[in-house]
Amino acid sequence: MNPLILAAGLSGALAVGAGAFGAHGANGQAAEWLKTGGQYQLVHAVAALIAAQMGMRGVGWLFVAGGAVFAGTLYLMAMGLPKWLGAVTPLGGALMIAGWLWLAWNGARG
């Protein structure tokens, strides 16, 4: 079992479900939060799979964790939880950015 690939797969499945619900079952701001969260989470689930295949597990985990925090806070607000959770959302973005920078650093090192 590969925990990173498992987490990336579950993340991708959740992202598709959230995006679909945002497109077809939610309205207003909630729909936008679901679609945005789904988009970012799905992209980073795929990026995590690629990182795992390249042997960059740390990068992959940053992508999964960042996607979970970023999208998760948006999903929770879409379900009616307090909007102060939006203050946590950028932490997920920072984790995703850190993953991309780590990936670039690995590329620069050869």
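Only heavy atoms go into these numbers, but all of them, side chains included; no hydrogens, no water, no symmetry mates.
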Non-neighbouring partners of [X] that pass side-chain contact (heavy atoms from CB on, under 4.5 Å), sequence neighbours left out:
| X | answer |
| --- | --- |
| A7 | W61, V64 |
| A65 | L95 |
| I50 | V46, M54 |

Which atom names give the shortest non-hydrogen contact between [X] and [Y], and what distance separates them?
| X | Y | value |
| --- | --- | --- |
| G60 | A48 | O-CB, 3.6 Å |
| P90 | G86 | CD-O, 3.2 Å |
| A52 | L4 | CB-CD2, 3.6 Å |
| L34 | A78 | CG-CB, 3.8 Å |

Residue pairs involving [range] (criterion salt bridge (Lys or Arg N to Asp or Glu O under 4.0 Å); sequence neighbours excluded):
| range | answer |
| --- | --- |
| residues 5-17 | none |
| residues 6-15 | none |
| residues 27-47 | E32-K35 |

Taking C-beta and beyond as the side chain, do [X] and [Y] meet within less than 4.5 Å on heavy atoms?
| X | Y | value |
| --- | --- | --- |
| L14 | L10 | no |
| M96 | F70 | yes |
| N2 | R57 | yes |

Next item on the list: Output all residues satisfying ring pair (Phe, Tyr, Trp, His ring centres under 6.0 Å) with F21, sequence neighbours left out; order by chain, then residue number.
Entry: none

Next item on the list: Please list, chain by chain and in numerical order, all residues satisfying ring pair (Phe, Tyr, Trp, His ring centres under 6.0 Å) with Y75, sequence neighbours excluded.
Entry: none

Check: With ILVMFWY side chains joined below 4.5 Å, transitively, what does L49's cluster contain besides itself?
Finding: I5

Item checked: Contacts of type side-chain hydrogen bond (donor to acceptor under 3.5 Å, both in side chains), residue W100, not counting sequence neighbours ->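 In terms of side-chain hydrogen bond (donor to acceptor under 3.5 Å, both in side chains), with neighbours along the sequence ignored, W100 is linked to H44.
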
Next item on the list: For T36, enumerate each residue passing the side-chain hydrogen bond (donor to acceptor under 3.5 Å, both in side chains) test, keeping only those at least two apart in sequence or located in another chain.
Entry: none

Using distance only, find each side-chain donor-acceptor pair of residues 103-110 under 3.5 Å and give its atom names and separation, not counting sequence neighbours.
from: N106; atom 1: ND2; to: W102; atom 2: O; distance (Å): 3.4

Margin query: Please tell me whether V16 and M79 are part of a single hydrophobic cluster in this structure, the criterion being side-chain heavy atoms less than 4.5 Å apart.
Written below: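 No, it is not one cluster - the side chains of V16 and M79 are not joined through contacts under 4.5 Å.
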
